[in-house]
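What follows is one structure encoded as structure tokens, with my remarks underneath.
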Protein chains: 2
Amino acid sequence: MKKRVTIQDLAKELNTTPSTVSRALRDLPGISEAMKEAVRELAKKYDYQPNAIASGLRSGKSNTLGVIVPRVNRDFFSSVISGIEDVVFEAGYNVIICQTHDRLEKEQQYINTLLNGRVDGILVSLGLETREHCHFEKVVEAGISLIFFDRVCEEMDVTKIMIDDFDGSFKAVSHLVKMGYNRIAHFGGPDFLNVYRNRKDGYIRALEKSNLKIDERIIIQNDLTVEAGKRDAERLMKMDNPPDAIFSASDYSALGALLYLKEKTYEIPDQIGVVGFSNEKFTSLIDPGLTSVDQHSDELGKYCAELFLEEVNRGAGNFVPRKIILNPKLLIRRSSQRKVKI
Amino acid sequence: MKKRVTIQDLAKELNTTPSTVSRALRDLPGISEAMKEAVRELAKKYDYQPNAIASGLRSGKSNTLGVIVPRVNRDFFSSVISGIEDVVFEAGYNVIICQTHDRLEKEQQYINTLLNGRVDGILVSLGLETREHCHFEKVVEAGISLIFFDRVCEEMDVTKIMIDDFDGSFKAVSHLVKMGYNRIAHFGGPDFLNVYRNRKDGYIRALEKSNLKIDERIIIQNDLTVEAGKRDAERLMKMDNPPDAIFSASDYSALGALLYLKEKTYEIPDQIGVVGFSNEKFTSLIDPGLTSVDQHSDELGKYCAELFLEEVNRGAGNFVPRKIILNPKLLIRRSSQRKVKI
DNA sequence: ATGAAAGCGCTAACAT
DNA sequence: ATGTTAGCGCTTTCAT
């Protein structure tokens, strides 16, 4: 194992001092070109690797960013992380990932280790268990930039970025109406989560605007899995007055419905239309393609990263916390494009 | 912004010295229980957060691990990362993620920043462009534990962990043969990557073992995308003597084939069987379900993390580099289960 | 059982 | 344009 060469070693060999070498390496003014050149050359010769830890200790900056999510292996989160990483890498930051598995305790532990590691910022998407936020208060008190994305903590006065779930639903359902469907069912999630509440509200508002009747019997709350989708699609289709379209708050239960309907040889989209939410990768891969609401996960990550960079560059306190709401995009695929219109 | 309390502050308030406090906090022997208790209490009172950077500088350990992958938002890699993160978190390590987008230059840059950051280990899955490895030599020279997973660098004498691609292919093709298919085509990737070479070899060996003819015309190398799968499935089916099954080294090109075949109303699996590789999430969601080879991504990540922990605990040099090959599992779904056997 | 002192490698304030 | 000095917060000898 080679001994690592330090700034002092370089200084000694050049008969100068560590500070000069340090300044030369960072190309600061007040050092002659000749010296800078000599330093750079020697650094290269010895393959000098600056010690980021030492530099971090001295400067109080670790050039590191923590990202806390429920799980990294989900299309949405991994895309957000990918977007974040791409942006901050260019600015010289490293990304530490933390997955909470939706557990409050892990969320708290991660906050502590990130604080101990003196990260320059923390980006968080909340876990399902999180109802309190004193662990996040500590981040703010430490003067570290804190940003929430997607699953945000409404009570905290920090920057948040999310998509407009209401608008996504509204667009999806309006599209179905335009395609001539007029008895549209809804699969939703638990009402205590704002995402699902907003998606349901968007659905209702779109129906109201089109003067369509809201029928509670075809508004179904389930756990949004493929199986739930199958089961509830069956339930719907066996009603006296079955729907002619299903709008699901999740691609997975939409898929379940789609699979059930295909099995029963319903014509999709002509007999019945299906729309999902999230634009999971598989939606474009199945047959027929599933119309879905895209959450711009990659852009969300990039935007989030840019907000972080802006905050650190301005310094804590010189930045007005903001709430940013991205408009989702409806991706119209075959599952909802009925040829026979009204 | 609150001033951070240091070990010195605690020492002063207790009329003792930093070293005593440090030892007490780490529960080292040679400190009275009374003192330890007092220190812990005060630390709690002030919510003392140890400065990991300072500790890292002094001890030469950052308790951080770098993971370099081509892309984080792919089912396989994100699952591996998830597995790694779960294991090392328990051991007190942070995970820095790095995505190369298959670019050699980024791979080299990441190696440098990780070395600068004095990480305790680096886990890598190679990018497509990587043909040289001097950037990895630097890691070994620095005495930092280096482990390759999945896409490994054969030339380097370090620990590698991968799945047995040959075996996966062999199982997949043997299964097709057992199902009565006897003219099996193959979609493969670039030969210079161990994974694709091995998958092709396994395919050939399985055919040989069943005394089936190897026909170079139905062994196709493409870029393994959905589009390539569609295009090449079309090409195959338009041959004078088309195959009755397709084994693809990637789920994506298998899907492309499947979509093309369905469009042309071929009966799957009765007329033609399709098998993919990787067990991407969508394979179980489409219709018919796509038979695929599961790579145990989560376990691979966990195993990888355990190897890393073992290496750091033993210290560089006290560890024999090894090659670990996990047996993949064939997940048989409908796309290959022909009812009419030989 | 505790303290004193040195230093990890770098940066920044203050000289010259 | 360069050098001197001090110190970031912790850990680790070596004393006592």
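Nothing here was measured: the structure is a model prediction, and the numbers come from that model. Hydrogens, waters and symmetry mates are skipped; everything else that's a heavy atom, side chains included, is used. Throughout, a chain's letter reflects where its sequence line sits, starting with A, and its residues are numbered from 1.
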Atom pair distance, as rounded to whole Å: CZ in A/Arg26 and P in C/dG9: 17 Å

Side chain to side chain, B/Gln108 and B/Lys138, heavy atoms closer than 4.5 Å: no

Aromatic centroids of A/Phe89 and B/Tyr110 separated by under 6.0 Å: yes

Whole-Å distance separating the CZ atom of A/Arg4 from the C1' atom of C/dC10: 15 Å

Quiz item: B/Ser19 side-chain donor-acceptor pair to C/dA4 base, under 3.5 Å: yes

Side-chain ion pair, B/Glu33 and B/Arg40, N-O less than 4.0 Å: yes

Side-chain N or O of B/Thr20 closer than 4.0 Å to phosphate OP1/OP2 of C/dG3: yes

Sugar-phosphate only, base, or nothing, as touched by A/Thr6 at under 4.0 Å among non-hydrogen atoms: sugar-phosphate

B/Glu306 vs B/Val87 side-chain heavy atoms within contact, under 4.5 Å: yes

B/Phe76 atom CZ, over 12 foreign heavy atoms within 6.0 Å: yes

Between C1' of D/dG3 and CG of A/Leu14, the distance in whole Å: 15 Å

Euclidean distance, atom NZ of residue A/Lys12 to atom P of C/dC10 [Å, nearest integer]: 13 Å

Protein-nucleotide distance (A/Leu10, atom CG; C/dG9, atom P), rounded to Å: 12 Å

Within residues 27-36 of chain B: residues closer than 4.0 Å to DNA chain D (heavy atoms): none

Side chain to side chain, A/Asp150 and A/Gln295, heavy atoms closer than 4.5 Å: yes

Touch class at under 4.0 angstrom, heavy-atom based, for B/Leu57 against every strand present: base

Atom pairs, protein N/O to nucleotides 14-16 of chain D N/O, distance under 3.5 Å:
none

A/Val21, A/Asp27, A/Thr16 screened by side chain to side chain contact (heavy atoms under 4.5 Å, CB included) with A/Val39, the one that passes: A/Val21

N/O (side chain, A/Tyr48) to phosphate O (OP1/OP2, C/dC10) under 4.0 Å: yes

Sub-4.5 Å side-chain heavy-atom contact between B/His101 and A/Asp86: yes

Phosphate-side-chain proximity, A/Arg118 and D/dC10, N/O vs OP1/OP2 below 4.0 Å: no

Nearest-angstrom distance from the residue atom CD of B/Gln8 to P of C/dA4: 13 Å

Touch class at under 4.0 angstrom, heavy-atom based, for B/Asn15 against every strand present: sugar-phosphate

B/Leu65 side chain near B/Ile84 side chain, heavy-atom distance below 4.5 Å: yes

Closest-nucleotide 5' rank along DNA chain D - winner of B/Ala54 and A/Thr17: A/Thr17

Beyond-backbone contact of B/Phe136 with B/Val158, side-chain heavy atoms, under 4.5 angstrom: no

A/Arg58 side-chain N/O to C/dG7 phosphate OP1/OP2 under 4.0 Å: no

B/Asn51 CG to D/dC8 C1', straight-line distance once rounded to whole Å: 8 Å

Length of the NZ-C1' vector between A/Lys61 and D/dG9, whole Å: 19 Å

